[in-house]
Amino acid sequence: MDPWPTIDRAHGGREGLLLRVLKLSEEVGEVAQAVIGATGQNPRKGVSHTWDDVRSELCDVVITAMVALRTLAPDAREVFAARLASVADRSLGGPPTP
């Protein structure tokens with residue numbers, strides 16, 4: 001599924017940009033909380049999350065970041081593709097193969 005049509009519907013305009021960036025920080029914190037819970041690192045709570053919880057929280061981070069990007073850039077799809085190609089070139093020695 002192409003995520004961009006859904007992201008386009010969710011972005012809601014520039015007035016919510018600050019809140020979207022803050023929401024991204026919140027979502028990252030939820031990933032950390034889920035990892036701590038999945039590994040049982042909190043002695044008071046023990047194992048309180050699953051790795052499925054971690055995966056779901058990571059997806060929330062990606063979605064929230066995409067919405068924030070779309071809020072800043074009407075051409076978010078192209079901005080993201082260009083950045084991904086740049087990172088692939090720098091880190092992986094070339095663009096991703098289709």
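Being a predicted model, the structure only gives us computed values, none of them experimental.
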Note to self: Suppose the criterion is salt bridge (charged side-chain N to carboxylate O under 4.0 Å, His left out): which pairs have a residue in residues 18-41, not counting sequence neighbours?
What the structure shows: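 Counting only pairs at least two positions apart or across chains, the salt bridge (charged side-chain N to carboxylate O under 4.0 Å, His left out) contacts touching residues 18-41 are K23-E26, K23-E27.
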
Margin query: Going by salt bridge (charged side-chain N to carboxylate O under 4.0 Å, His left out), name the pairs with one or both residues in residues 62-73, residues two or more places apart or in two chains.
Written below: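 Qualifying pairs, neighbours excluded: D8-R70.
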
Side chains of residues 75-84: which donor-acceptor partners sit under 3.5 Å, not counting sequence neighbours?
unit_1: R77; atom_1: NH1; unit_2: D2; atom_2: OD2; d: 3.0
unit_1: R77; atom_1: NH2; unit_2: D2; atom_2: OD2; d: 2.7

Next item on the list: Supply the members, apart from V31, of the Ile/Leu/Val/Met/Phe/Trp/Tyr cluster built from side-chain contacts under 4.5 Å; use none for a lone residue.
Entry: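 In the cluster with V31 are L24, V28, V35, W51, V54, L58, V61.
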
Item checked: Shared-cluster residues of M1, by chain and number - hydrophobic side chains joined below 4.5 Å ->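 The other cluster members (ILVMFWY side chains, heavy atoms under 4.5 Å, direct or chained): none.
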
Checklist line | Non-neighbouring partners of T50 that pass side chain to side chain donor-acceptor pair (under 3.5 Å), sequence neighbours left out | finding: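 Partners of T50 by the side chain to side chain donor-acceptor pair (under 3.5 Å) criterion, ordered by chain and then number, come out as D53.
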
Note to self: According to side chain to side chain donor-acceptor pair (under 3.5 Å), who are the partners of Q41, at least two apart in sequence or on a separate chain?
What the structure shows: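 Expected list: none.
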
Note to self: Do I7 and I63 make a side-chain contact, defined as non-hydrogen atoms from C-beta onward lying under 4.5 Å apart?
What the structure shows: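 The answer is yes; the side chains approach within 4.5 Å.
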
Throw together a table of side-chain donor-acceptor distances under 3.5 angstrom for residues 42-49, partners on residues two or more places apart or in other chains.
unit_1: N42; atom_1: OD1; unit_2: R44; atom_2: N; d: 2.9

Checklist line | Any donor-acceptor pair under 3.5 Å from S91 side chain to A88 backbone | finding: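 Not a single qualifying donor-acceptor pair exists.
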
